[in-house]
Protein chains: 2
Amino acid sequence: MPGQHKWRKRIEGHIGRWTAPREAVLDLLSRTSEHLSAKEIYAALHGKDPSIGLTTIYRTLDLINSLGFIHKIVMRDGQARYEFRTDKASDHHHHLICTRCGRIIDYSEFEKEELELIKKTENRLSKKYKFYILDHSIEFFGLCEECRLEAKPSDS
Amino acid sequence: MPGQHKWRKRIEGHIGRWTAPREAVLDLLSRTSEHLSAKEIYAALHGKDPSIGLTTIYRTLDLINSLGFIHKIVMRDGQARYEFRTDKASDHHHHLICTRCGRIIDYSEFEKEELELIKKTENRLSKKYKFYILDHSIEFFGLCEECRLEAKPSDS
DNA sequence: TTATTATTGAAAACGGTTATCATTTTCATT
DNA sequence: AATGAAAATGATAACCGTTTTCAATAATAA
């Protein structure tokens, strides 16, 4: 199934050998808007093809993360979650994270103002602290609607 | 040594029983500007008083974190670090994190503009996503001066 | 001082992730 | 298409930060 995915030609050839597990992981992540954990990815893929191993999921995620094709988010419980990175600039977004159920909402609204301030701040911080800034993250923590209706706030 | 610390009267009485380990952890965190891990706190305190256990460090950190006296940051490697929270509003700050050596730099400059935008964004996001926002975090990732001079960028 | 009950420390368990290593697969070269 | 060297894989064990368990200890109210 060559050329099936828009992202394939962008990624193939920059990733070592093109193997079934690597394609499967990229395919799965590219199709979902969820922020999947390694275990969740393993469960999904192992269901279809029991020959795939959890170790390879981790290795593949490491690889494509270090190459910048996905984005790794470390949750407050120490578990990592992953999301596909498109090549569109509009892909950039931040997160609302529910501290009770762990749900993650992406938002990319208000980007212009935010981006402007971020850039300005980056410049200033770079100079002042002689820090070479490569990336940033903005996260809001709180309760999603469902959890707010049910619950007492959890820890943070 | 009662009343020795400014923070003591703020905290004592909201923390269950006032025990030696709890005072020691609070004391240590209040004296440093570093972002210590549980292990580092354990090493420091166990050195002076070998009767203190790592378990208690974790439990104490959990307790005072959930009471809001310290702030817990989960690093990208999954390890948590903790910093004391003063009662001053000026305490609020964000982080520059070196992805190579793990060094954390606090910054609180440019807070006015940032805070303004954050508040506005919070309001909009709260409404749009019906999300009750309790906290936020802004982090910049990159290389500190020392690491930039030496190294090839690491993963992120 | 005593009784009650929270807190503690040691050890074992836990959960996500990483290292080990023998086997399998890819792919450039025939 | 067949070969072979190197890369990638999967099962297992190890790792490491954190949490649970449980009997012993210490803090507070009476």
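In what follows, every heavy atom counts, from backbone to side chain, and hydrogens, waters and symmetry copies are set aside. Below, chains carry the letters A, B, ... as their sequence lines are ordered, and counting in each starts from 1.
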Of A:H46 and A:L63, the one whose closest DNA chain D nucleotide lies more 5': A:L63

Nearest non-hydrogen partners of A:S137 and B:F141, listed with the distance: CB-CE1, 4.0 Å

Whole-Å distance separating the OH atom of B:Y42 from the C1' atom of C:dT8: 13 Å

ring-ring contact (aromatic ring centres under 6.0 Å, His included) contacts in which one or both residues fall within residues 16-45 of chain B, not counting sequence neighbours: B:H35-B:H95, B:Y42-B:H46

Side chain to side chain, A:C98 and B:F131, heavy atoms closer than 4.5 Å: yes

Sugar-phosphate, base or nothing in reach of B:A80, heavy atoms under 4.0 Å: sugar-phosphate

Separation of C:dT25 C1' from A:E23 CD (nearest whole Å): 15 Å

Bounds of contact between DNA chain D and chain B, in 5' to 3' order, using a heavy-atom cut-off under 4.0 Å: D:dG17 to D:dT28

Distance (rounded to the nearest 0.5 Å) between A:C144 SG and A:I97 CD1: 12.0 Å

Spacing of B:I15 atom CD1 relative to C:dT7 atom P, expressed in whole Å: 9 Å

OP1 or OP2 of C:dT17 under 4.0 Å from side-chain N/O of A:Y58: yes

Sub-4.5 Å side-chain heavy-atom contact between B:Y132 and A:E145: no

Touch class at under 4.0 angstrom, heavy-atom based, for B:R22 against every strand present: sugar-phosphate

Nearest-angstrom distance from the residue atom OH of A:Y82 to P of C:dG16: 12 Å

Rounded distance in Å - CG (A:L61) to P (C:dT17): 9 Å

Interatomic spacing from CD in A:E116 to OG1 in A:T121 - rounded to 0.5 Å: 10.5 Å

Side-chain H-bond candidate by donor/acceptor type, A:H136 with A:H94, under 3.5 Å: yes

Side chains of B:I11 and B:I64 in contact at under 4.5 Å (non-hydrogen atoms): no

N or O in side chain of A:K39 less than 4.0 angstrom from C:dG16 OP1/OP2: yes

Under-3.5 Å N/O pairs linking protein and nucleotides 27-29 of chain C:
{"residue": "C:dC27", "atom": "OP1", "partner": "A:W18", "partner atom": "N", "Å": "3.0"}

Criterion ring pair (Phe, Tyr, Trp, His ring centres under 6.0 Å) on A:H92 and A:H71, from CA distance to verdict: CA-CA 10 Å; A:H92 191 78; A:H71 193 244; 8.1 Å; no

Residue whose closest nucleotide on DNA chain D lies nearer the 5' end, A:S51 versus B:A20: A:S51

Interatomic distance, A:L54 CG vs C:dT20 P [rounded to whole Å]: 18 Å

Distance, rounded to the nearest Å, where A:I57 contributes CD1 and C:dT18 contributes P: 14 Å

A:R76 CZ to C:dG16 C1', straight-line distance once rounded to whole Å: 19 Å

Side chain B:R22, main chain B:R17, donor-acceptor under 3.5 Å: yes

Whichever of A:S37 and B:R59 has its nearest DNA chain C nucleotide further upstream toward 5': B:R59

